[in-house]
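Take a look at the structure set out below.
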Number of protein chains: 2
Amino acid sequence: MSTTTLWDVSANNQPHRGHPARSTLADVARLAGVSGSTASIAFSGDGSISAATREKVLKAAAELNYYGPDPRAKSLRQGRSGIVGVVLEDRIIHSFRDPMTIAALDGISQEIGEGGGMLLLTATGVGEPSIQTAVFDAAIFLGCSPHLAGSITVMRQRNVPMVAIEGQHFDGVVAVDLDNRKAAAVMAQHVYDLGHRLVATVTLPLDARRELRALTPADLETATTAVSRDRLEGARAVYPSVTGFVTSTSSSDDGFAAALLLLDVAPDARPTAIIAQSDLIAVGVIRAAEALGLLVPHDVTVVGFDGARIEGFTHHDLTTMVQPATEKGRAAGRAVTELLAGEASPDVAFTCRLHVGDTAAPPTAVAR
Amino acid sequence: MSTTTLWDVSANNQPHRGHPARSTLADVARLAGVSGSTASIAFSGDGSISAATREKVLKAAAELNYYGPDPRAKSLRQGRSGIVGVVLEDRIIHSFRDPMTIAALDGISQEIGEGGGMLLLTATGVGEPSIQTAVFDAAIFLGCSPHLAGSITVMRQRNVPMVAIEGQHFDGVVAVDLDNRKAAAVMAQHVYDLGHRLVATVTLPLDARRELRALTPADLETATTAVSRDRLEGARAVYPSVTGFVTSTSSSDDGFAAALLLLDVAPDARPTAIIAQSDLIAVGVIRAAEALGLLVPHDVTVVGFDGARIEGFTHHDLTTMVQPATEKGRAAGRAVTELLAGEASPDVAFTCRLHVGDTAAPPTAVAR
DNA sequence: CTGTTAGCGCGTTCAT
DNA sequence: ATGAACGCGCTAACAG
């Protein structure tokens with residue numbers, strides 16, 4: 001039997017390459033002269049244990065440079081890792097440049113808190129390693145992607161609780177929604193009520209194509225991104241034939257470029273108002289207008305969407321629909337926490353609020 | 001023997017609570033009539049296997065709704081998870097609001113790529129669950145924190161490869177550095193050469209205190225944040241007795257507040273130049289100056305640090321030190337990849353570049 | 001090309 | 001309060 005023990009100790013412990021062998025909880029237990037389960041309890045603090053034995057165990061651990069259970073083994077044994085997977089739309093870089101995504105991530109982090117970490121993933125399709133092989137206990141889908149359905153199938157099989165922020169509704173997936181369509185309609189109506197009749201829009205990306213391009217009538221049918229499609233539908237509810245441009249990503253650069261194309265035309269063909277689907281885009285539109293010598297809102301009305309507080313953009317107070325972006329993230333984080341605790345969690349729906357700034361005004365009579 | 005098999009199948013399979021029992025690779029193997037290892041190979045594609053057997057296994061898997069190996073078990077067995085832990089300074093929210101941190105995260109994500117995810121953690125000290133219990137194979141410390149040394153001790157014991165961006169140097173931790181001290185000195189010299197003699201600074205947080213406050217002579221000694229201390233030292237090299245304010249976080253709001261305190265004084269006590277430790281702060285300083293009716297750079301010179309492209313801030317071209325923030329992240333990501341492959345990875349040092357914009361000019365004679 | 005064997009490191013029953 | 005066994009789900013060796 002002593003043979004077994006000796007052989008068991010750490011003979012075939014091959015960590016990485018030439019590194020000193022790590023000590024395990026079993027080593028600690030042996031040195032402390034207690035059994036494995038007792039040592040385990042000393043660390044997890046779960047069962048009952050005498051203060052003296054715990055001391056003994058901790059001392060042995062210190063001696064062996066043992067700093068606690070291996071997260072991987074623990075995670076296998078307990079069936080959970082404490083990690084929440086946050087599935088981002090496509091390239092992580094896009095997400096990081098979007099204030100709304102950042103705000104949502106921020107909200108999520110507030111709720112899942114210090115205990116667990118957020119694992120950032122991208123949904124690049126089923127069969128893709130990341131989402132199938134990554135270790136996490138729950139998933140939050142941030143922004144819908146064409147791959148959403150596939151990802152959900154896999155996760156469902158794995159019994160992973162799921163929350164989708166502004167995605168399509170799926171069975172067993174908690175939805176955190178925003179009234180994009182209605183809010184966009186409210187904004188369009190606001191512009192309409194000011195008297196604008198010749199209006200253009202600059203939308204967020206509508207599908208997987210990532211290029212600045214003209215909006216086509218077919219886009220409403222073929223759109224795969226729910227958020228931008230809903231906002232476009234909202235605008236269409238007031239301006240049924242509105243045209244404009246589709247950006248490659250929510251950025252002021254794309255807003256700038258699109259607005260140059262829209263505004264650098266004969267005065268009587270020039271739209272008197274531009275409805276941007278994000279504040280970042282709207283800022284670019286305003287910059288373009290000013291670069292062309294047009295005054296906002298005197299010559300052209302510009303409205304945005306999001307209520308992003310854009311650093312340094314201070315000479316205007318953008319008229320926009322303010323959305324509770326951080327709150328969305330918090331709700332998703334809370335839902336995940338509840339689901340992991342085995343509780344049910346209801347869908348949540350958030351609404352936007354019209355913020356009337358100084359970038360929208362009635363069209364100037366002279367201009368027409 | 002059939003008893004054993006039956007009992008083995010899924011009798012004590014208790015996933016979460018009432019959920020249908022997940023099938024395991026063993027179930028698939030049994031149904032396909034092959035051994036476990038063969039089934040494993042069918043999924044991992046590692047060993048050699050006949051197309052026919054693989055088909056058989058995949059068919060059995062489909063029948064059982066089996067979508068691939070459990071990441072937790074796989075990770076325990078292989079000793080790695082494919083996850084890179086990114087340890088952020090303190091509250092995740094602070095990091096998300098800082099363009100330089102975002103850029104670095106972006107760079108990291110570019111290098112570690114689709115395969116693995118980034119696990120965002122905060123270093124709240126040893127004993128704190130997150131860093132000790134989280135599953136990851138390598139750690140990147142983003143911005144030094146007071147807890148850095150402790151975190152490193154734990155990770156070292158766990159044989160986790162480590163990279164520190166702009167942290168102190170530790171044995172066995174790859175350093176990705178920026179020449180903060182020298183760059184700050186270059187910038188201060190630039191201001192000096194323009195003729196400024198009465199100069200103030202607005203620094204990033206110097207220690208764990210998170211409040212806007214006056215800079216004191218003791219701060220250089222007690223500072224725990226290397227980046228801001230180095231930048232302050234650089235400024236002190238040119239202006240040995242420079243005073244000013246310490247912000248609570250890199251934001252234009254804090255820059256605004258600090259600048260109001262610095263500039264709203266008698267004209268002959270007013271600094272002719274303000275050296276901000278970040279562009280965000282500088283933007284706030286400029287806003288404050290303009291709010292007080294001062295012209296930049298005519299009445300007051302303002303310089304920043306970072307080279308952040310701040311959305312919508314366009315009426316000035318900020319004079320600043322441009323740092324390769326995304327590149328820093330990429331270097332860290334690359335280092336981690338190399339370390340995980342068992343290769344050595346050298347330290348990397350980046351340098352800043354002076355960008356001369358239009359916010360710095362010689363002091364106006366009338367003002368003195 | 002496939003099957004057998006032996007754990008990865010831990011937590012969790014049962015006993016005592 | 002403590003110890004002995006067992007297996008979470010999978011894969012790396014080796015044998016055939």
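Order of the sequence lines sets the chain letters (A, B, ...), proteins ahead of strands, with each chain counted from 1. From a predicted model like this one, the values you see are computed outputs, not experimental measurements.
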Can you tell me which residue pairs pass the salt bridge (charged side-chain N to carboxylate O under 4.0 Å, His left out) test with a partner in residues 53-66 of chain B, sequence neighbours excluded?
none
Send over the distance from A/D70 CG to C/dC8 C1', rounded to a whole Å.
9 Å
Within less than 4.0 Å of OP1 or OP2 of D/dA12, is there a side-chain N or O belonging to B/Q78?
yes
Any donor and acceptor pair, going by atom type alone, linking the side chain of A/D137 with main-chain N or O of A/G82 inside 3.5 Å?
yes
Categorize B/L76 for me: base, sugar-phosphate, or nothing, with a 4.0 angstrom heavy-atom threshold over every strand shown.
base
Set of residues satisfying ring pair (Phe, Tyr, Trp, His ring centres under 6.0 Å) with respect to A/Y66, sequence neighbours excluded:
A/F43
Nearest-Å distance, CZ (A/R77) to C1' (D/dA5)?
12 Å
Distance, rounded to the nearest Å, where A/R72 contributes CZ and D/dT11 contributes P:
15 Å
Between P of D/dA12 and CG of B/L25, the distance in whole Å:
12 Å
Taking only side-chain N and O atoms of A/Y66, does any of them lie within less than 4.0 angstrom of OP1 or OP2 on C/dC10?
yes
To the nearest angstrom, the CZ-C1' distance between A/R158 and D/dC10 comes to 13 Å
For B/A39, side-chain contact (heavy atoms from CB on, under 4.5 Å) partners two or more places apart:
B/L25, B/A29, B/V34, B/V57
N/O to N/O distances under 3.5 Å, protein versus nucleotides 2-4 of chain D:
from  : atom 1 : to    : atom 2 : distance (Å)
D/dT2 : OP1    : A/S50 : OG     : 3.4
D/dT2 : OP1    : A/T53 : OG1    : 3.1
D/dT2 : OP2    : A/S50 : N      : 3.2
D/dT2 : OP2    : A/T53 : OG1    : 2.9
D/dG3 : OP2    : A/S35 : N      : 2.8
D/dG3 : OP2    : A/T38 : OG1    : 3.1
D/dG3 : N7     : A/S37 : OG     : 3.3
D/dA4 : N6     : A/S37 : OG     : 3.3

Which residues pass the side-chain contact (heavy atoms from CB on, under 4.5 Å) test with B/A139, sequence neighbours left out?
B/F136, B/F141, B/V160, B/M162
Identify each atom pair where a protein N or O and an N or O of nucleotides 14-16 of chain D are less than 3.5 Å apart, giving names and distance.
none

Could you tell me how far apart A/D27 (CG) and C/dC8 (P) are, to the nearest whole angstrom?
11 Å
note: B/R30, atom CZ; D/dG9, atom P; distance rounded to Å ~ 12 Å
Could you give me the CA-CA distance, side-chain angles and deciding distance for A/Q157 and B/S23, then say whether side chain to side chain contact (heavy atoms under 4.5 Å, CB included) is met?
CA-CA 9 Å; A/Q157 160 59 19; B/S23 29; 4.2 Å; yes
Over how many whole Å does the gap from B/Q132 atom CD to C/dC10 atom P extend?
13 Å
Can you name the residues that form a side-chain contact (heavy atoms from CB on, under 4.5 Å) with A/I102, not counting sequence neighbours?
A/F96, B/F96, B/I102
Check the phosphate of C/dG9 against A/T24, side-chain N and O only, distance under 4.0 Å to OP1 or OP2. Yes or no?
no
Can you give each donor-acceptor pair under 3.5 Å made by side-chain atoms of residues 330-339 of chain B, sequence neighbours left out, with the distance rounded to 0.1 Å?
from   : atom 1 : to     : atom 2 : distance (Å)
B/R330 : NE     : B/E327 : OE2    : 3.0
B/R330 : NH1    : B/Q110 : OE1    : 2.5
B/R330 : NH2    : B/E327 : OE2    : 2.7
B/R334 : NH2    : B/E327 : OE1    : 3.2
B/T337 : OG1    : B/G333 : O      : 2.7
B/E338 : OE1    : B/S345 : OG     : 2.8

Show every side chain to side chain donor-acceptor pair (under 3.5 Å) that has at least one partner inside residues 160-169 of chain B, sequence neighbours left out.
B/E166-B/N180, B/E166-B/K328, B/H169-B/D177
